[in-house]
Structures are given as structure tokens and as C-alpha cells.
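Structure first, commentary second.
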Amino acid sequence: MQKLSSDAPGWNAVRSLVGSPFNAVLTVIFAVILFLALPPFLTWAVFDAAVFPAVPETCRTAAGACWSFIVAKHSQILFGIYPFDERWRPLLVCTLLIGLLVYSIRPSAWRARLAGFWIVALMLSWGLMRGGFAGLASVSTDNWGGLPVTLLLTVVAIGIGFPTGILLALARRSDLPVIRLLSTLFIELTRALPLLSILFIASIMLPLLVPEDLLPDKFSRAVIALTMFASAYLAEVVRGGLQALPKGQAEAAQALGLSYWQCQLKVILPQAIAVVIPALTNTIIVMIKNTSLVLVIGLFDLISSGKAALADPEWSSPSVEVYLFITAIYFTLCFGFSRFADRLEQRAKGPSHE
Amino acid sequence: MTRAMKCISIGLLLGTALAGCSNGAKKESLVEKIKARGNLNCSGSQGIPGLSRPDEKGIWRGFDSDVCRAIAAAILGDATKVRFVPLNAAQRLPAVQTGEIDILSRTTTLTFTRDMAIRFVVNTLYDGDVVITRKADGITEPAKLGGRTICMQGGGSLVENALDELEEKHKFKMKRVYFDSTITARDTYFAGRCDAYVTDGLAAQSQIATVAKNPAEHSTMYAGDAIEPNGIAIPRGDDRLFDVARWTFNVLIWAEKNGITQANVDDMAKNGDAVTKRILGGDPAFGRSMGLDSKWAYNVIKQVGNYKEIWDRNLGENTPIKADRRLNKLYSEGGLMFPLPWD
């Protein structure tokens with residue numbers, strides 16, 4: 001695979017499909033599976049599928065997939081129980097967050113001000129969702145739902161968790177014993193608990209222990225729990241990168257007279273993080289999917305909203321279609337992110353190859 | 001190392017808990033808090049057809065949700081002033097204990113253990129567990145369920161009891177497959193994964209009618225003879241809120257018994273008999289003992305309707321649910337519902 005043949009461009013593909021007996025057998029097996037699975041799936045999902053009109057009767061008579069349910073309920077699945085007349089707000093928030101994500105992928109956008117953009121965007125998103133100013137009706141976090149919840153949870157948990165994780169990683173390698181101990185304590189404690197139990201503690205136990213007035217709402221508690229969890233895991237990934245660097249790097253930076261923070265920010269971290277990009281991507285993609293666990297504490301994320309939509313007694317229950325729709329959204333998010341990470345990796349490699 | 005840390009953290013948590021207990025001084029009734037706050041915090045679910053589910057517009061629909069609205073109408077004079085907090089089955093009791101919600105109205109069966117944790121006020125719905133099976137399988141009575149796979153929602157105490165009794169009585173075992181929600185259990189059964197599906201009796205017919213590809217292929221039977229009394233519940237130790245919740249529900253039953261509806265309540269308030277006039281706002285002192293406005297009962301009927309109207313709107317013949325009212329009929333029609341006297 002490494003040595004490109006000078007033959008016709010299709011040759012490579014042909015060789016990887018049937019180049020060796022093993023490959024040939026695999027190709028045949030998968031061709032048979034595809035041949036058996038694809039036509040029925042396409043018949044169900046496309047040819048026999050019912051889309052319009054988006055009313056319950058369409059579904060009842062459909063031989064294949066009932067996409068009209070998605071058409072009729074897309075607003076409920078995407079935005080959950082957010083008040084109907086105000087749904088332009090979560091729509092705007094989603095557009096803003098996804099737009100900024102796409103913008104952030106371009107390497108030319110990676111400047112210090114990007115962090116500023118994100119902070120402004122997050123504050124704006126929170127404000128828009130929350131309302132209660134400038135004539136916007138106030139919508140409590142109990143009524144947030146669907147895609148904006150998934151996006152906000154992900155972006156906040158990773159956006160705050162990543163810098164916190166870096167600090168924790170540095171603290172764990174620090175020469176100051178108290179800081180080292182505290183960081184180790186936090187990381188080990190958080191990692192020792194499953195995310196589910198952290199969420200349960202945040203949603204069910206904390207209210208029993210903390211007075212009502214001092215307690216943040218359920219959504220904020222979930223955000224804090226997810227952020228803690230993300231930061232502990234990211235910290236260990238970053239620490240892996242820090243340990244991979246030869247000691248000479250830090251010593252050379254010190255010899256040049258750089259302060260501790262200059263040394264970390266300009267010499268150590270850029271290299272350490274570049275090393276662990278695949279592991280970071282892994283952790284972050286897991287975190288994107290972890291946000292769906294908030295359904296156990298009664299937040300209306302995408303999956304909960306989809307289920308609530310399925311509870312409509314007027315409709316037959318096309319749960320497969322709904323879950324496929326949600327799967328597509330998660331796939332887009334996770335796959336998009338892994339492409340982004342790929343680019344980061346290419347770029348991080350770039351200069352060393354020159 | 002981590003074990004030591006766990007011990008420390010548990011110690012800290014316990015310490016906080018004790019501190020929390022000690023400052024529980026004299027407390028005002030939630031009724032006053034609800035008035036000051038301007039809305040009632042009531043339980044939502046994650047979507048239960050006919051009882052509580054958010055519709056496309058994010059508005060909560062269902063019998064349980066309307067009971068919340070009735071109580072809001074009584075306390076605040078406005079049935080729309082309800083904040084629904086979505087809760088799953090595991091969270092509903094802690095949510096009452098912690099004050100996250102004021103009223104629990106979300107298909108919760110009154111049992112001894114639960115009543116020791118929170119205070120049940122009144123039974124709003126009587127239900128039983130129904131088993132749905134395919135006619136082709138020939139499972140015509142519970143005795144033929146031996147060795148069959150049963151899809152069900154996890155965590156329902158009475159369903160478990162009913163099935164346990166069946167197993168003991170007929171000396172067989174069933175394979176129980178648990179799901180996190182009725183919706184998932186239902187869809188799994190109708191997709192052919194299980195031989196039977198246990199669900200609330202009220203919802204059974206509608207699920208067959210709307211979800212099954214061919215409704216005629218399925219039949220229903222009761223799992224046992226147990227009644228599941230679903231009620232509303234509040235935190236313990238709040239007599240005032242107990243009064244309001246119990247007597248608001250009584251208004252619903254009383255109004256049905258006396259033929260008072262949303263449509264004729266204005267007329268009845270003017271031209272009804274003496275008791276009717278008194279209850280519908282004619283007596284300025286009527287709500288005073290509960291700290292409510294004299295028009296509280298009128299507001300409940302005017303804005304939400306009587307029991308039958310709530311039933312018909314959410315579960316009745318004109319809804320996809322088409323539930324049989326059975327035990328929930330008035331006593332005079334063979335059911336278990338009757339109004340308490342207003343004397």
C-alpha cells in the first residue's frame with residue numbers, strides 16, 4: 001500500500017480487494033453480505049418509504065420506512081420541550097455553534113481571538129436559550145431540549161474541560177506537593193466513579209444534601225458533572241503527551257531563560273498535545289456521545305426528545321426511523337470532529353517533514 | 001489510595017447531610033411559596049401517552065398534566081401557571097423530597113413504602129396491568145405464559161408481584177425482558193422480539209390500535225386481579241398543600257357528579273342550588289380555611305373542566321387512547337370514584 005504503483009489509478013483498489021487469497025475471500029464475503037443486506041434496506045428506507053403527506057395515516061399504510069413521522073416531528077425531536085413560539089432561539093443557537101465549529105476547522109482561524117469568539121458564542125447561546133432580557137421570554141433550563149442541549153453540553157464540557165485538563169496535567173507533574181496531591185486526588189476520584197454515578201450524584205443526591213437556594217439547576221449540575229469528568233480524562237491524556245517529551249526540551253527552554261509558563265506554553269504543550277491528538281480525539285468523541293447519558297437524569301437531550309415524540313398516541317411508533325435520524329445527527333457530529341482532528345494531526349506533523 | 005479517598009468523600013457527604021438536617025427549622029407551606037413564586041412546579045415525564053407527554057409544541061398533554069393544571073387553577077387562579085419538570089421513574093420520589101417539584105402527578109402507584117417517603121394525597125386513577133399477546137401464539141390466559149418472553153418496563157413493583165404470583169401459582173417461569181421506558185418495551189414487542197408485553201391497562205388498547213401493523217392479531221388480558229391506584233403526592237408534613245390537593249381533586253369528581261362542566265359553570269354559579277352556588281364562589285369564606293380565593297373551585301372547573309372532561313380530553317373515545325373507564329367511573333355508574341361531602 002505504501003509503494004504507489006505507477007499503473008492505472010484503479011490498480012491499487014483492485015489489488016487491495018483481490019490482491020491476496022485472504023483479501024479475495026474477504027471481498028467475496030462482504031460482497032455477499034452487501035448483496036443480501038443492501039437491497040432490502042434500500043427497499044425499506046427509500047423505495048417503499050412514505051414521506052408525504054406528514055400525517056399518521058401515511059405511516060399506517062406505508063410498507064417501508066415512515067419518514068413522514070420525522071417530517072412531522074422534526075421540531076420536537078430537535079428542540080424537545082422548548083416552547084414552540086420561541087424555537088427560533090435554539091435554532092439560532094445551533095446555527096451559531098455549528099457555524100463556529102465549522103469556522104474553527106480552518107487552520108487560518110486558529111488565533112488567540114478564536115477563544116474569545118467561543119466565549120462570546122457560549123455566553124450568547126446561554127443567554128438566548130435562557131432569555132429573560134430584552135423582551136425575550138424566560139425559558140428555564142428544565143424546558144431546554146434536543147440538539148442545542150447536546151451541543152451545549154458537549155461544547156461546554158470540552159471547552160472548559162480541555163483547558164482545565166491541561167492545568168490538572170501540569171499540576172500533577174508539578175514540584176509543589178499540595179498542588180500535585182490535590183490534582184491527583186481530583187483526577188483519581190473522578191476517574192474512579194462511572195459517569196452515570198457522577199450524574200446521579202449531581203441530579204439526585206446533591207439536592208438532598210445542599211440547601212435549595214445554593215443549588216444550581218439540574219442542567220447546570222449536569223454541565224458541571226460532565227465538565228469534571230471530561231477534565232479528569234483529558235488531563236491524563238495530556239499528561240501522557242507531557243511524559244512523551246524528552247526532558248531536554250524543558251531544560252533547554254529553562255536554559256534560554258524562559259519562565260515556567262513561557263516554557264509550558266511555547267515549548268512543552270504545543271509538542272505534547274501534538275503527540276496525543278489521536279487520544280484526545282478519542283476522548284472527545286466519547287464525550288460527545290456521553291452527553292446522551294443525561295437522559296437518565298431527566299434532561300431532554302436528542303434521544304429523550306425522540307422518545308417523547310414517539311409517545312404520541314396518534315402515530316404508529318416508527319422508533320427505528322427516529323433512532324436512525326438521531327444516529328445520523330450523532331454520526332455527523334462525531335465524524336465531523338474526527339475529520340477535524342485528522343487535519344490537526346496533519347498540520348501538527350507538517351513542519352517536521354519539511 | 002482510592003479507597004481512602006472514597007471514605008473521606010463519604011464522610012464529607014454525611015457531614016453535609018447532618019448539617020442540612022439541623023437547620024430544618026419551622027417552614028411555611030408550599031402553598032404560600034407557590035403563590036409567592038407565581039407558578040406551580042409539577043412533574044412531567046419522558047412521554048406517557050394520554051397521561052403526560054410533551055406534544056410537538058412543547059405543551060404537556062395528558063390526564064396527569066391536567067391534574068397539575070387544576071391545582072394551579074385552585075392556588076393561583078390560572079391553570080397555565082404550571083412549570084412541568086420532566087422526570088424519569090427513578091427521579092420522581094427524590095424530586096418531591098428535595099422540593100424540586102411541589103406536586104407529583106405522574107403515574108405513581110400508591111404503595112406503603114412510597115407513602116412513607118412522600119405523602120400521597122388521593123387516588124386519581126385506578127389501573128391494572130394488562131398483558132398483550134399475539135392471537136396466533138394461542139396465549140389466551142395468563143396460565144399459558146410459561147416459558148414465554150415478556151417485554152416490560154423495569155421498576156414497576158406491582159407488575160412484578162402479579163407476574164411472581166402467576167409463576168408461583170402455575171409453577172412455571174417466564175423470561176422477563178426489561179426496558180427503560182414503556183415506549184421501548186412496546187416497540188420491541190410489536191417488532192416481534194417478545195411473546196408478550198405487560199403495560200398499564202388504560203393504554204393497552206390504544207397501543208394495539210396505533211402501533212400494531214395489524215391490530216386484529218393481538219389480544220389483551222389482565223395480568224392479575226390487583227388494582228394499581230395511581231395518585232398525586234406531595235412532600236410529607238405539609239397539611240395545607242394536602243388540603244388543597246385533596247379538595248381540588250374532589251371538585252373534579254363533585255362537578256362530574258353534579259353535571260357541572262366548563263361550558264355551564266358560569267350558569268351554575270348563578271342559578272345552581274345553594275351548595276353549588278356556595279362552592280362556585282358564592283360564599284366569600286369558602287376557600288379561606290385553605291388560604292385560597294373564594295373562586296378557587298370555579299376556576300378549576302372553568303379552566304380545566306370536571307373529571308369526565310379531563311378523561312374525555314386525554315383518554316376518552318375521541319382520543320386515540322379510547323380507554324375503558326372501568327373502575328374510574330363514578331360509584332353511581334359502577335366505578336370507584338365518589339365525591340366527599342362539602343359540609
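What you are looking at is a predicted structure, and each value in this text was computed from that prediction instead of being measured. A note on names: the letters A, B, ... follow the listed sequences, proteins ahead of strands, and every chain is numbered from 1.
Closest approach of Gln46(B) and Ser304(A) over heavy atoms only: NE2-OG, 4.1 Å. For Pro86(B) against Phe300(A), the heavy-atom pair with the smallest separation is CB-CE1, 3.1 Å. Here the closest non-hydrogen pair linking Arg53(B) and Asp312(A) is NH2-OD1, 3.6 Å. Between Arg186(B) and Leu310(A), the shortest heavy-atom contact is NH2-O, 3.3 Å.
Using a 4.5 Å heavy-atom cutoff, the side chains of Ser75(A) and Glu56(B) are not in contact.
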For Trp60(B) and Ile81(A), run side-chain contact (heavy atoms from CB on, under 4.5 Å): C-alpha distance rounded to whole Å, both residues' side-chain angles, the deciding distance at 0.1 Å, then the answer. CA-CA 9 Å; Trp60(B) 288 84; Ile81(A) 47 176; 4.1 Å; yes
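Side-chain atoms of Glu100(B) never come within 3.5 Å of backbone atoms of Lys218(A) as a donor-acceptor pair (strictly under, hydrogens ignored).
Proximity to chain B is limited to the backbone of Tyr82(A), based on heavy atoms less than 4.5 angstrom apart. Only the side chain of Ile183(B) comes within contact range of chain A, with at least one heavy atom under 4.5 Å from a heavy atom of that chain. For Phe84(B), the part lying under 4.5 angstrom from a heavy atom of chain A is the backbone only. There is no contact between Thr319(B) and chain A, counting heavy-atom distances below 4.5 Å. With a 4.5 angstrom heavy-atom cutoff, Arg87(A) touches chain B only via side-chain atoms. With a threshold of 4.5 angstrom between heavy atoms, Arg61(B) does not approach chain A through any atom at all.
Summarising the local packing, CZ of Arg180(A) is surrounded by more than 12 heavy atoms from other residues, nucleotides or ligands at distances under 6.0 Å. Around atom NZ of Lys135(B), more than 12 heavy atoms belonging to other residues, nucleotides or ligands sit under 6.0 Å away. More than 12 heavy-atom neighbours from other residues, nucleotides or ligands sit within 6.0 angstrom of CG on Asn214(B).
Ranked by heavy-atom pairs shorter than 4.5 Å toward chain A, the options Gly47(B), Gly44(B), Pro54(B) are led by Pro54(B).
A distance of 4.5 Å separates OH of Tyr323(A) from OG1 of Thr184(B), quoted to the nearest 0.5 Å. In this structure, CG in Asp55(B) is found 7.5 Å from NZ in Lys73(A), a value given to the nearest 0.5 Å.
Residues satisfying the side-chain hydrogen bond (donor to acceptor under 3.5 Å, both in side chains) test with Asp102(B), not counting sequence neighbours, are Arg37(B).
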